[in-house]
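Working notes, beginning with the structure itself.
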Amino acid sequence: MSVVLRRGRAADAAALHALIASNVDAGHLLPRSPADLLAHAGRFIVAAERGRIIGCAELAPLSDHVAEVRSLVVDDAVRGRGTGGRLLEALVQAAGAQGFTTLCAFAHEPSLFVRLGFAVVPHARVPEKIARDCASCALFGRCGQYAVAFALPAAAARAAVPRRLQVPA
């Protein structure tokens with residue numbers, strides 16, 4: 001069956017919460033409240049198969065120039081089929097289209113990001129993330145996460161590059 005990528009919507013909030021919560025206990029993701037997911041569902045790209053959400057990722061603005069990949073997760077039962085990479089590629093395109101110059105993420109396992117062109121960087125290279133989330137976290141300075149960043153092409157360069165993946169509204 002084909003996996004379809006689309007923008008998240010409010011009706012997806014419960015499924016997003018279930019998918020994210022199932023990975024919080026494993027230590028892969030930070031917890032998200034149902035209310036937070038409902039409020040930000042439109043910032044997500046979801047992967048659906050047979051109408052069921054099997055993966056998601058959020059494009060969260062940190063400043064006018066920097067956005068973060070948050071809550072990137074694929075259901076355990078369907079991992080290894082490229083869905084995570086497709087979600088990440090879609091977020092890269094969405095971030096560029098929205099005018100961000102840098103896309104970052106914090107991850108325990110950065111290999112997917114590195115395979116898609118992100119660079120592992122010192123945490124200090126993402127001060128927007130540190131100020132917004134890390135400074136108030138109980139695990140600040142010892143979370144074990146890698147900071148990764150991707151420099152998005154300038155607007156003129158983006159217009160010249162054909163899009164490999166279109167995410168319908």
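Predicted, not measured: the structure shown is a model, and the values here were computed from it.
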Please tell me if the side chains of Leu91 and Glu58 come closer than 4.5 Å, counting only heavy atoms from C-beta onward. no
Compare every heavy atom of Cys56 with every heavy atom of Leu16, then report the nearest pair and how far apart it is. CD2-CB, 3.5 Å
Do Val148 and Val121 come within less than 4.5 Å of each other through their side chains, counting heavy atoms only? no
Please set out all donor-acceptor pairs under 3.5 angstrom arising from side-chain atoms of residues 35-42, sequence neighbours excluded.
{"from": "Asp36", "atom 1": "OD1", "to": "His40", "atom 2": "ND1", "distance (Å)": "2.8"}
{"from": "Asp36", "atom 1": "OD2", "to": "Arg32", "atom 2": "NE", "distance (Å)": "2.6"}
{"from": "Asp36", "atom 1": "OD2", "to": "Arg32", "atom 2": "NH2", "distance (Å)": "2.9"}
{"from": "His40", "atom 1": "ND1", "to": "Asp36", "atom 2": "O", "distance (Å)": "3.1"}

Pair Arg43 + Glu68, salt bridge at N-O below 4.0 Å: no
Does the side chain of Thr101 reach to within under 4.5 Å of the side chain of Leu152, using non-hydrogen atoms? no
Is Arg6 salt-bridged to Asp12, cutoff N-O under 4.0 Å? yes
Would the distance check show the side chain of Arg52 and the main-chain N or O of Ala15 forming a donor-acceptor pair, the cut-off being under 3.5 Å? no
dist Ile45:CD1 -> Arg86:CZ (nearest 0.5 Å) comes out at 10.5 Å
Minimum side-chain heavy-atom gap Leu5-Val46 below 4.5 Å: no
Linked, directly or transitively: Val114 and Leu112 (ILVMFWY side chains, under 4.5 Å): yes
Give the minimum heavy-atom separation between Val73 and Asn23, together with the two atoms involved. CG2-ND2, 3.1 Å
Distance in Å, Ile54 CD1 paired with Asp76 CG, rounded so as to fall on 0.5 Å steps: 12.0 Å
Are Phe106 and His123 close enough that their ring centres sit under 6.0 Å apart? yes
Any side-chain heavy atom of Val66 within less than 4.5 Å of one from Phe100? no
Aromatic plane relationship, Phe118 with Phe150 - under 30° parallel, 30 to 60° tilted, over 60° perpendicular: tilted
Closest non-hydrogen atom pair between Ala57 and Leu87, with its separation: CB-CB, 4.3 Å
Side chains of Val78 and Glu49: does their closest heavy-atom pair fall under 4.5 Å? yes
State, to 0.1 Å, how close Glu109 and Ser111 come at their nearest heavy-atom pair, and which atoms those are. OE2-OG, 2.8 Å
Please round to the nearest 0.5 Å and tell me the distance separating atom CG of Leu62 and atom SG of Cys104. 5.0 Å
As a quick check of understanding, evaluate side-chain contact (heavy atoms from CB on, under 4.5 Å) for Leu30 and Val24, giving each step before the final call. CA-CA 6 Å; Leu30 296 174; Val24 168; over 6 Å; no
Minimum side-chain heavy-atom gap Val69-Leu59 below 4.5 Å: no
Inter-residue atom distance Phe44.CZ - Arg9.CZ, 0.5 Å rounding: 14.5 Å
Output yes when a side-chain donor or acceptor of Gln93 lies under 3.5 Å from a complementary backbone atom of Ala95, and no otherwise. no
For residues Leu116 and Val92, determine if any side-chain heavy atom of one lies less than 4.5 Å from a side-chain heavy atom of the other. no
